[in-house]
There are 2 protein chains.
Amino acid sequence: MPDHPHASPAGTLIAAHGGRLTRTRVAVLEVLLAAGQSLTHDEIGVALSRNGIKHDRVTLYRTLDWLVGAGVAHRMIGNDRARRFGVAVSGPHEHPHFHCDRCGKVVCLEGAQPAVAVSLPGGYRLDRTELLLHGVCASCDKGP
Amino acid sequence: MPDHPHASPAGTLIAAHGGRLTRTRVAVLEVLLAAGQSLTHDEIGVALSRNGIKHDRVTLYRTLDWLVGAGVAHRMIGNDRARRFGVAVSGPHEHPHFHCDRCGKVVCLEGAQPAVAVSLPGGYRLDRTELLLHGVCASCDKGP
DNA sequence: GTGTAATTGCAACATAGTAGCATTTGACGC
DNA sequence: GCGTCAAATGCTACTATGTTGCAATTACAC
């Protein structure tokens with residue numbers, strides 16, 4: 001394992017949120033940073049194993065919960081009812097998502113959330129809106 | 001139990017889709033029609049029991065699958081990662097949904113989906129967009 | 001180095017949904 | 001009405017996803 005974990009971007013990010021710097025946290029965050037897209041617990045677990053990081057299923061869940069609580073990562077629910085995690089790039093999570101109906105991949109779209117005007121029933125209070133685009137991603141569209 | 005199941009709106013709807021008219025199907029569809037909002041399998045199960053309809057958990061899943069396959073009902077995933085079912089009122093499911101973050105209730109909003117312009121990465125193909133509004137519903141906002 | 005509270009790892013539990021298969025039953029022809 | 005038969009049901013058992021409790025370990029402050 002690297003002997004200067006504080007030097008990595010992941011380590012810096014964790015320290016900045018007052019968390020203890022542990023093997024699993026650094027590794028998970030590095031996976032998320034490298035992925036550039038949302039991943040399920042399972043995909044993250046596989047990536048950790050590939051990187052030679054021994055870990056427990058529960059620890060992974062708790063690590064991700066901590067990352068979400070610290071505002072470092074965000075969580076969303078896919079059509080397959082599995083939660084997906086990604087790094088929270090810019091504060092509140094106010095940008096559209098694209099969900100590939102073929103492979104289940106979820107990517108964050110860069111453009112800001114377009115303002116939408118919807119009439120809510122009386123008494124309802126709106127906190128935030130989430131725009132989800134469904135379709136087929138580039139890699140799935142090429143291959144069969 | 002009623003002795004003329006074909007006479008009910010639920011019975012007519014089922015027959016129109018070439019399905020067999022069974023106790024569970026009629027009862028489930030009646031519950032959905034009466035609800036006016038999306039329900040989880042569990043909520044539907046409770047409603048069935050209240051109506052004195054004996055049923056099995058698996059049968060309920062399969063009944064709901066059939067209803068979705070026949071285009072009579074639609075399915076969506078809530079933040080609690082449970083599937084919710086509702087009657088498909090108007091063909092494709094192209095209207096916004098409101099999700100109450102307090103009680104988890106999901107309601108279909110009547111207004112049509114506003115057109116949104118989002119730039120998709122190259123090679124991505126868009127099928128449909130889903131607009132999800134998060135907030136607190138009227139009944140949750142009143143009571144603590 | 002030592003103390004201590006945050007993390008981890010394990011086992012058990014919980015919830016949502018699916019699969020296989022024997023039994024029951026709705027629809028249809030008679 | 002009565003028999004036939006595939007569709008639908010009701011079991012049991014299983015998978016997948018996620019959570020809880022608790023004892024052992026470990027990062028960090030001193």
Side-chain angles (χ1 to χ4, degrees), chain A residues 1-6 8 10-12 14-29 38-46 48-49 53-70 72-73 75-85 104, chain B residues 1-8 10-12 14-29 38-46 48-49 53-70 72-73 75-85 104 106:
Chain A
M1 56 193 82
D3 37 5
H4 292 303
H6 287 82
S8 74
T12 313
I14 290 167
H17 285 274
R20 259 152 72 157
L21 207 55
T22 67
R23 188 168 40 110
T24 315
R25 274 188 194 164
V26 175
V28 167
L29 194 45
S38 298
L39 301 173
T40 62
H41 286 111
D42 202 52
E43 291 165 339
I44 296 169
V46 169
L48 288 183
S49 302
I53 308 288
K54 192 171 95 69
H55 66 285
D56 185 72
R57 214 167 54 90
V58 178
T59 301
L60 180 49
Y61 277 111
R62 289 198 273 233
T63 300
L64 288 166
D65 278 349
W66 183 86
L67 288 172
V68 170
V72 179
R75 169 159 55 191
M76 76 199 74
I77 307 245
N79 274 5
D80 51 358
R81 84 175 200 285
R83 295 185 174 161
R84 286 164 186 278
F85 296 83
Chain B
M1 59 193 81
D3 36 7
H4 293 303
H6 288 82
S8 73
T12 312
I14 291 168
H17 286 275
R20 257 153 71 159
L21 206 56
T22 67
R23 188 167 42 108
T24 314
R25 275 188 192 166
V26 176
V28 166
L29 195 44
S38 298
L39 302 172
T40 62
H41 68 92
D42 201 53
E43 292 165 339
I44 296 170
V46 169
L48 288 183
S49 301
I53 308 287
K54 192 170 95 68
H55 66 284
D56 184 72
R57 213 167 57 91
V58 179
T59 301
L60 182 48
Y61 277 112
R62 288 198 273 232
T63 300
L64 288 167
D65 278 349
W66 183 85
L67 288 172
V68 170
V72 179
R75 168 159 57 190
M76 76 199 74
I77 308 246
N79 272 5
D80 49 0
R81 85 175 197 286
R83 295 185 175 162
R84 287 164 185 277
F85 297 84
V106 175

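Every chain is numbered from 1, with letters handed out A, B, ... down the list of sequences.
Separation of atoms CG (A/L48) and CG (A/D56) is listed at 11.5 Å; rounding is to 0.5 Å. Note that CZ of A/R83 and OG of A/S38 are 14.0 Å apart. Values are rounded to the nearest 0.5 Å. For the atom pair CZ of B/R84 and CD1 of B/I44, the computed distance is 10.0 Å after rounding to the nearest 0.5 Å.
Atom NE2 in B/H17 sits about 19 Å away from atom P in D/dA7, given to the nearest Å. Here the C1' atom of nucleotide C/dA6 and the CD1 atom of A/I14 are 14 Å apart, to the nearest Å. We find that CD1 of B/I53 is positioned 12 Å from P of D/dT9, with the value rounded to whole Å. Rounded to whole Å, atom C1' of D/dT26 lies 14 Å from atom NZ of A/K54. Rounded to whole Å, the distance from CG on A/L21 to C1' on D/dC28 is 11 Å. Atom pair B/E43:CD and C/dA16:C1' shows a separation of 14 Å (rounding to whole Å applied). Atoms CG (B/D56) and P (C/dG17) sit 15 Å apart, rounded to a whole Å. A straight line from CG of A/L39 to P of D/dT17 spans 14 Å, rounded to a whole angstrom.
Each end of the helix from C/dG1-D/dC30 to C/dC30-D/dG1 gets its own axis, taken as the rotation carrying the C1' atoms of four end pairs onto the next four within a five-pair window, and the two axes meet at 40° to the nearest 10 degrees.
Here the closest non-hydrogen pair linking B/L29 and B/A10 is CD2-O, 3.6 Å. Here the closest heavy-atom approach between residue A/H41 and residue A/L60 is recorded as O-CD2, 3.4 Å. The minimum heavy-atom distance between B/A27 and B/I53, with the atom names listed, is CB-CG1, 3.8 Å.
Scanning atom types as modelled, one donor and one acceptor separated by under 3.5 angstrom connect the side chain of A/R20 and the base of D/dT26. Side-chain N/O atoms of B/R57 and base N/O atoms of C/dG17 include a donor-acceptor pair closer than 3.5 Å.
When side chains are defined from C-beta on, A/W66 counts as touching A/I14, because their heavy atoms get closer than 4.5 Å. In this structure, B/V58 and B/R62 have side chains that are in contact, with non-hydrogen atoms separated by less than 4.5 Å. Side-chain contact check for A/H55 versus A/R23: every heavy-atom pair is 4.5 Å or farther apart.
At least one side-chain nitrogen or oxygen of A/T22 sits closer than 4.0 Å to the OP1 or OP2 atom of C/dT8. Within the structure, every side-chain polar atom (N or O) of A/R75 is placed at least 4.0 Å from both OP1 and OP2 of D/dG18. Phosphate contact (OP1/OP2 of D/dT9, side-chain N/O of B/T24, threshold under 4.0 Å): present. At least one side-chain nitrogen or oxygen of A/R83 sits closer than 4.0 Å to the OP1 or OP2 atom of D/dT19.
Residue contacts for A/R25: at a heavy-atom cut-off of 4.0 Å it reaches the sugar-phosphate backbone alone, with no base atom in range.
Judged by closest nucleotide on DNA chain C, B/H41 is the one of B/H41 and B/G19 placed further toward the 5' end.
The neighbour count for A/D42 CG, taken as heavy atoms of other residues, nucleotides or ligands under 6.0 Å away, does not exceed 12.
Listed by residue number, the members of residues 58-70 of chain B with any heavy atom below 4.0 angstrom from DNA chain C are B/V58, B/Y61, B/R62.
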